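Below: one structure, written as structure tokens.
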Number of protein chains: 2
Amino acid sequence: MPVQKIEKVDFLLRCWEVFNRQGYHNTSMQDLAKATGLQKAGLYHHYPTKQLLMESVLDFAMQRFRSYVLAVAADTSLPVEQRFEKMLRRQRRLAMLQRQGCFFANIALETGRDEIFNKMLLLAMEEWTVSLSSLYADRFEEADAVMEARRVIMEYEGAVVFYKISGNPQYLEDFVTRATKAFRAVPSIQHIHHHTSIGI
Amino acid sequence: MPVQKIEKVDFLLRCWEVFNRQGYHNTSMQDLAKATGLQKAGLYHHYPTKQLLMESVLDFAMQRFRSYVLAVAADTSLPVEQRFEKMLRRQRRLAMLQRQGCFFANIALETGRDEIFNKMLLLAMEEWTVSLSSLYADRFEEADAVMEARRVIMEYEGAVVFYKISGNPQYLEDFVTRATKAFRAVPSIQHIHHHTSIGI
DNA sequence: GAATATGCCAACCGATCGGTTGGTAAATTT
DNA sequence: AAATTTACCAACCGATCGGTTGGCATATTC
């Protein structure tokens with residue numbers, strides 16, 4: 001077989017950039033061809049439809065989100081408050097990349113009623129929720145931790161809406177400040193049952 | 001001039017329904033023609049471009065939102081806690097109409113980077129914020145009231161994202177419950193300076 | 001080194017896109 | 001009642017849409 005013109009990771013990254021910038025319906029296969037250096041028929045050699053290509057891109061986006069944002073929650077070398085803030089800061093940085101906002105929310109609101117990507121999108125949002133909620137583990141019982149994590153994500157998505165139509169990053173910064181402060185304000189109960197502190 | 005086939009209010013309402021259901025880019029002038037009973041050229045008789053038609057629809061949507069949701073905040077016949085809850089319930093009901101979510105947020109995330117409707121959208125969001133913040137007037141000083149109102153709207157927009165991809169209205173109901181409870185929990189300071197309660 | 005599998009593209013398909021043209025018919029103005 | 005204004009439409013425009021076809025060229029398999 002002949003040489004590939006573009007690596008799969010590069011290919012998906014470029015498609016992601018275009019979809020994130022222009023949305024699903026407003027992105028044509030021609031646009032994706034130009035962005036990846038292929039011709040339209042070249043795309044159809046790898047993906048039978050635009051929708052299936054998008055599913056691969058969503059999958060790819062989730063992997064990257066996992067390793068860039070969600071991974072922070074599992075980094076036990078950092079105290080939990082710092083992990084919390086670091087996660088939110090990374091979310092924020094993602095949203096500000098070329099003022100694209102949150103890829104998942106963009107696609108969710110644009111295609112939600114079509115039911116074509118909802119399964120993947122909901123999975124992504126729930127994984128995000130679980131990941132963030134793990135940081136609340138020593139402050140709330142699990143159900144409340146999940147609830148609170150979801151609430152913070154909701155607030156983030158709303159902040160992104162304000163940011164996207166205003167271009168003003170202050171909405172996102174205020175969100176990070178507010179959420180982090182609230183997180184620190186919740187009393188930790190961890191040391192009662194699994195922080196060995198001094199001796200015994 | 002000949003008789004009109006459709007009243008302007010009906011016309012805008014039907015266009016709003018289509019745009020809200022399908023989004024901006026995924027709605028064609030043909031779709032709008034079919035929904036309003038006109039032909040495509042008939043639309044162009046009233047609006048020179050799709051974008052200007054959309055601006056009229058956004059304007060119309062804001063008027064309706066104002067009279068259906070924001071008006072509740074000004075209804076002084078109800079105690080402030082009830083006005084707060086009633087507003088949120090009406091927002092929720094709007095979002096659940098055919099699972100469309102929030103029209104403003106839908107268009108915001110879809111077209112935000114295009115900068116074509118941002119001015120109107122930001123105006124709408126800020127008017128909403130001010131309206132909701134008026135209910136906090138006796139609990140916070142103004143800057144904090146605005147901040148808190150905006151935070152609640154952000155949380156609502158996030159709840160809509162979860163609702164839209166899941167179809168589960170629980171996300172919205174939980175939001176209303178949570179926000180209302182939090183509102184009631186904030187101590188009112190109004191009676192100190194302008195509630196005459198008993199005598200004097 | 002012949003056969004095969006693969007990556008890719010030029011050219012094409014019918015359908016639809018946003019928008020235009022030239023006109024008809026009815027209500028209003030004069 | 002003539003002139004004008006208005007609401008609207010059938011038919012059309014070039015461009016672009018998602019997707020298809022047939023084939024070329026290269027790397028691998030045998």
Side-chain angles (χ1 to χ4, degrees), chain A residues 1-60 106-107 110-111 113-117 120, chain B residues 1-60 106-107 110-111 113-117 120:
Chain A
M1 68 280 278
V3 287
Q4 276 182 226
K5 297 190 73 173
I6 185 170
E7 290 290 324
K8 186 158 189 182
V9 173
D10 282 0
F11 175 84
L12 290 170
L13 181 63
R14 284 165 193 247
C15 289
W16 172 77
E17 283 167 355
V18 178
F19 275 130
N20 204 10
R21 208 184 314 128
Q22 309 188 343
Y24 179 68
H25 291 300
N26 197 34
T27 294
S28 69
M29 293 301 272
Q30 191 60 246
D31 292 336
L32 299 175
K34 201 188 299 177
T36 56
L38 300 185
Q39 294 297 324
K40 208 165 47 144
L43 304 180
Y44 281 103
H45 175 69
H46 296 285
Y47 301 94
T49 63
K50 181 185 175 184
Q51 184 178 327
L52 283 166
L53 196 166
M54 179 57 154
E55 285 176 17
S56 285
V57 171
L58 271 168
D59 210 65
F60 169 79
N106 289 348
I107 305 304
E110 189 190 343
T111 70
R113 268 191 49 101
D114 304 342
E115 295 276 9
I116 39 180
F117 306 122
M120 301 185 68
Chain B
M1 68 279 278
V3 287
Q4 278 183 229
K5 297 189 75 173
I6 185 169
E7 290 289 324
K8 185 157 189 182
V9 172
D10 282 1
F11 175 85
L12 289 170
L13 181 63
R14 283 165 194 247
C15 289
W16 172 75
E17 283 166 356
V18 178
F19 275 130
N20 205 11
R21 208 184 315 126
Q22 309 188 339
Y24 178 69
H25 291 299
N26 198 34
T27 294
S28 68
M29 294 301 273
Q30 192 59 248
D31 292 336
L32 298 175
K34 202 189 299 176
T36 56
L38 300 185
Q39 294 297 325
K40 208 166 44 144
L43 303 180
Y44 281 102
H45 174 68
H46 296 286
Y47 301 93
T49 63
K50 182 185 176 184
Q51 184 178 325
L52 283 167
L53 197 165
M54 179 56 152
E55 285 177 16
S56 286
V57 171
L58 272 168
D59 211 64
F60 169 79
N106 289 349
I107 305 305
E110 190 192 343
T111 69
R113 267 191 50 101
D114 305 341
E115 296 275 9
I116 39 181
F117 306 122
M120 303 185 66

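Keep in mind that the numbers below use all heavy atoms, side chains included, and drop hydrogens, waters and symmetry copies. Protein chains get the first letters and strands the later ones, always in sequence-line order, with residue 1 at the start of each. Fair warning: this is a prediction, and the values are worked out from it, not measured in the lab.
If you take OH of Y44(A) and P of dG19(D), they are 4 Å apart, rounded to a whole angstrom. Residue Y47(B) contributes atom OH, which lies 17 Å from atom P of dT20(C) at whole-angstrom precision. When rounded to the nearest whole Å, the span between CD of Q30(A) and P of dG19(D) equals 14 Å. Atom-to-atom, CG of D31(B) to P of dC17(C) comes out at 6 Å; the value is rounded to the nearest Å. Atom pair H25(A):NE2 and dT16(C):C1' shows a separation of 15 Å (rounding to whole Å applied). Rounded to an integer number of Å, the gap from CE of M29(A) to P of dC12(C) is 21 Å. Atom CD in E7(B) sits about 10 Å away from atom P in dC8(D), given to the nearest Å. For the pair I6(A) CD1 and dC8(C) P, the interatomic distance rounds to 9 Å; values are reported in whole Å.
The phosphate of dT16(C) (OP1 or OP2) has no side-chain N or O of S28(B) nearer than 4.0 angstrom. Note on K5(A): every side-chain N or O is 4.0 Å or more away from OP1 and OP2 of dC8(C). For the OP1/OP2 pair of dA7(D) and a distance below 4.0 Å, the side-chain nitrogens and oxygens of H45(B) include at least one atom meeting the criterion. Taking only side-chain nitrogens and oxygens, H46(A) never comes nearer than 4.0 Å to OP1 or OP2 of dT6(C).
Contact detail for R113(B) and R21(A): the closest heavy-atom pair is NE-CG, 3.1 Å. Of all heavy-atom pairs between A33(B) and L43(B), the closest is N-CD1, 3.7 Å.
Heavy atoms of T27(B) sit under 4.0 angstrom from primed sugar atoms or phosphate atoms, though from no base atom.
Heavy-atom distances to DNA chain C give each of Q51(B) and P2(B) a nearest nucleotide, and the one nearer the 5′ end belongs to Q51(B).
The base of dG18(C) sits with one of its N or O atoms less than 3.5 Å from a complementary donor or acceptor on the side chain of K40(B).
At a cut-off of 3.5 Å, with distance as the only test, a side-chain donor of D31(A) or S28(A) sits close to an acceptor on the other residue.
For the segment residues 9-23 of chain B, the set of residues with a heavy atom within less than 4.0 Å of an atom of DNA chain D is empty.
With hydrogens and angles disregarded, no donor-acceptor distance shorter than 3.5 Å links the side chain of E110(A) to the backbone of G23(A). R14(B) places a side-chain N or O within 3.5 Å of a backbone atom of A35(B) that can act as its donor or acceptor partner. Looking at T111(B), its side chain never comes within 3.5 Å of a backbone N or O of D114(B) through a donor-acceptor pair.
Cation-pi contact between K5(B) and F11(B): absent, since separation from the ring centre below 6.0 Å together with deviation from the ring axis within 45° is not met.
When each of dT20(D), dA10(D), dC8(C) is scored by its nearest atom to the side-chain atoms of Q4(A), the top-ranked nucleotide is dC8(C). Checking dG18(C), dC9(D), dC8(C) against the side-chain heavy atoms of Q39(B) singles out dC9(D) as nearest. Distance from the side chain of L38(B) is smallest for dC9(D) among the nucleotides dG19(C), dC9(D), dC9(C).
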task: Report the C-alpha distance between M54(B) and T27(B) in whole Å, list the side-chain angles of each, state the deciding distance to 0.1 Å, and finish with yes or no for side-chain contact (heavy atoms from CB on, under 4.5 Å).
output: CA-CA 11 Å; M54(B) 179 56 152; T27(B) 294; over 6 Å; no
